[in-house]
Amino acid sequence: MTSPLQGEDRRFDSAPAHHSRRKQKMLGQNFLIDSNISKKIVSLAEIQKGEKILEIGPGRGALTELLVSKGNLQAIEKDKWLSVVLKQKFKDNAEIIEGDILTWEVPPVDVIVANLPYSISSPILFRLFNYDWNRAILMFQEEFANRLVAKPGSKIYGRLSVMANHYVDTKKLFKVSKTAFQPQPKIHSQVVKLVRREPDYVLDDFNTFEKVVRSIFTHRRKKIRNCIKLSFPDIDVQKLNYMDLRAEILQPSEIAELSNSIFALKLE
Ligand code: SAM
């Protein structure tokens, strides 16, 4: 395959033979080749002077080369070969870490920018929620992004939407065609902005909330009463609100209220 990259960036192509197509697939390596998209993503991150930036999966540096001039950049790349080339290319301007975002201890940063490996978008996102950052501009598969930002009443509002809403406000920014990547993925992508904030409710017990969310969305066509009976057999559902409804119309704050009531009954 002919590389669309020119000059020194062709170093990214000279990976050893064992750097197979299979490995590229496993690491979700669909590289951005449309520089207008890279520019748009970095511009929408609205990075202020001196801010700390984290890039996850810099790959061939399509976003990295724009981010280096914006602030104090750390970038973590799992692919050993790519991280060696990135270290050479950005040696004085960015800290390139060869590592796995799923095990790395994320330092406090202001902004996260990433075109994420799609197969592990969800574990990456929920791991990031355990760390300290202010906003993130992330590219996901379109279908995942739609579920992430979905609101009550929508058919795709579910566990992902409610659990993400616990940590962030979400906003879809723009869609990216599969032709913007090499190799091309099978489906389109979507860039989403996430902003950290406190939820508009107070939880008495996070584990109960997680269990309630899983329970009511696993059988989303069932009435909430039947879901709760299955997951919390010792709880008297007569004492709870929302039992005749279905999960997809409940606001996150109403699910939190339900979770707090269940937790209180468990303590009785
Ligand atoms: N940012 C580049 C771009 O936009 O062209 C590459 C994006 S590509 C979709 C995802 C990148 O994440 C790849 O470079 C891949 O090697 C890297 N990656 C995959 N799994 C990773 C992990 N667990 N931790 C860190 N990087 C990972």
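Remember, it's 1-based here, ligands and their atoms both numbered in the order they're listed. Computed from a predicted structure; not experimentally measured.
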Assess the residue pair Met243 and Ile228 against the criterion (side-chain contact (heavy atoms from CB on, under 4.5 Å)); give the C-alpha distance rounded to whole Å, side-chain angles, the decisive distance to 0.1 Å, and a yes or no. CA-CA 9 Å; Met243 291 299 101; Ile228 298 297; 4.3 Å; yes
Verify the cluster assignment for Tyr167 and Val195: are they in a single hydrophobic cluster under the rule of side-chain heavy atoms below 4.5 Å apart?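 Unlinked, Tyr167 and Val195 end up in two clusters.
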Would you kindly confirm whether Trp104 and Leu82 end up in one hydrophobic cluster when ILVMFWY residues are joined by side chain heavy atoms under 4.5 Å apart? no
Within 45 degrees of the axis of the six-membered ring of Phe232 and under 6.0 Å from its centre: does Lys266 put its NZ or CZ there? no
Strictly by modelled atom types, are Glu105 and Tyr131 linked by a side-chain donor-acceptor pair under 3.5 Å?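 Glu105 vs Tyr131: donor-acceptor pair found between side chains.
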Might you list the protein residues in contact with ligand 1, defined as having a heavy atom under 4.0 Å from one of its atoms, sorted by chain and number?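 Residue list for ligand 1: Leu27, Gly28, Gln29, Asn30, Phe31, Leu32, Glu55, Gly57, Pro58, Gly59, Ala62, Ile76, Glu77, Lys78, Asp79, Leu82, Gly99, Asp100, Ile101, Asn115, Leu116, Pro117, Ile120.
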Quick one: which of Lys155, Lys223, Arg221 gives a salt bridge (Lys or Arg N to Asp or Glu O under 4.0 Å) with Glu248? Arg221
